[in-house]
Amino acid sequence: GAGVSQSPSNKVTEKGKDVELRCDPISGHTALYWYRQSLGQGLEFLIYFQGNSAPDKSGLPSDRFSAERTGGSVSTLTIQRTQQEDSAVYLCASSLESSGLKAQYFGPGTRLLVL
Amino acid sequence: AQKVTQAQTEISVVEKEDVTLDCVYETRDTTYYLFWYKQPPSGELVFLIRRNSFDEQNEISGRYSWNFQKSTSSFNFTITASQVVDSAVYFCALAGSSNTGKLIFGQGTTLQVKP
């Protein structure tokens, strides 16, 4: 079956612009996670969605970052007023449930470059 | 606090050698899950294995094997008879039961297998 898909694959933007990154999880997966991979920080958790529960936003680095998940499926990560330190690969993952009992499957990522 | 340490930043071996990637974790949760992911040059994180904290049996899958020891908080990964296709960055990760399943990653070990 289809895996996690993310778009765009690459995004180049100018400092100060807003960007939107999209994630389509595996069909039937109720849990969705966003992570960020950068050279200096490794792989960091950003935000998590599970069904209709309130998202866990504890990993978002600043209030410029936000995410939503519509209809329990597609998710969009928005970065407002981008900064050069936002340059990273943004990874989305989904799993059948959030407890850790099931593995998280990752998408190919969106490579963001802020000039 | 939860933490994963992969002390080996880079390992280089010659094809057919055995290689062990170390992973040490810290958590106060009594129930937790440990994972290994592979990130080949293409960039996508590939799930390899998940173990829960109550199952200390070692696992073997083809040339891959994992040794989980709670006494030393370690979850090491061994590749037997390494191949060039094993060249990748390998990440160990932890999901505590108190953490909504979000993964805490180690810094990764880059494995280079030379022909």
Side-chain angles (χ1 to χ4, degrees), chain A residues 2-6 8-10 23 25-26 29-60 67 69 88-112, chain B residues 1-10 23 25 27-55 59 61 64 66 68 75 88-110:
Chain A
V4 177
S5 61
Q6 293 185 246
S9 302
N10 294 280
C23 171
I26 293 172
H29 281 194
T30 59
L32 186 148
Y33 302 79
W34 283 96
Y35 295 86
R36 177 170 72 172
Q37 186 173 23
S38 56
L39 279 176
Q41 301 297 323
L43 274 156
E44 307 170 277
F45 165 78
L46 297 177
I47 189 170
Y48 143 82
F49 296 91
Q50 169 62 48
N52 295 321
S53 302
D56 176 358
K57 304 178 182 180
S58 60
L60 294 178
R69 189 178 185 190
V89 178
Y90 289 83
L91 295 164
C92 177
S94 70
S95 71
L96 278 171
E97 58 176 282
S98 62
S99 65
L101 285 174
K102 301 298 182 184
Q104 294 178 29
Y105 293 90
F106 285 79
T110 293
R111 191 175 300 273
L112 175 66
Chain B
Q2 306 204 340
K3 185 179 178 181
V4 176
T5 301
Q6 295 179 255
Q8 304 150 308
T9 305
E10 293 183 19
C23 173
Y25 62 91
T27 180
R28 293 182 181 176
D29 290 337
T30 53
T31 301
Y32 52 89
Y33 305 88
L34 296 165
F35 302 80
W36 276 94
Y37 283 85
K38 174 182 180 180
Q39 189 174 42
S42 61
E44 193 156 341
L45 278 165
V46 177
F47 166 74
L48 295 179
I49 189 171
R50 177 190 61 81
R51 301 307 298 274
N52 73 57
S53 52
F54 299 107
D55 183 1
E59 184 156 338
S61 176
Y64 295 171
W66 291 270
F68 175 29
F75 186 42
V89 182
Y90 290 86
F91 291 94
C92 180
L94 166 71
S97 60
S98 62
N99 259 355
T100 64
K102 67 184 179 187
L103 295 173
I104 307 298
F105 285 91
Q107 289 299 307
T109 297
T110 300

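Keep in mind it's a predicted model, so treat the numbers as computed, not measured. Proteins get letters first, then strands, A, B, ... in listed order; numbering begins at 1 in each.
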Task: Rounded distance [0.5 Å steps], OH in A/Y35 versus CZ in B/F105 - done: 5.5 Å
Open item on the list: Please find the pair of heavy atoms, one from A/P108 and one from B/E44, that lie closest to each other, and give the distance.
Closed with: CB-OE1, 3.7 Å
Task: Interatomic spacing from CD in A/E44 to CG in B/L103 - rounded to 0.5 Å - done: 13.5 Å
- [ ] Compare all side-chain heavy atoms of B/L45 with those of A/L43 and state whether any distance is below 4.5 angstrom.
- [x] yes
Task: Toward chain A, the part of B/F91 with a non-hydrogen atom under 4.5 Å - done: side chain
Open item on the list: The criterion is salt bridge (Lys or Arg N to Asp or Glu O under 4.0 Å); which residues satisfy it with B/R51, sequence neighbours excluded?
Closed with: B/D55, B/E59
TODO: Please report the shortest heavy-atom distance between B/K102 and A/S58, naming the atom on each side.
DONE: NZ-OG, 3.1 Å
Task: Shortest non-hydrogen contact from B/F47 toward A/A103 - done: CE1-CB, 3.3 Å
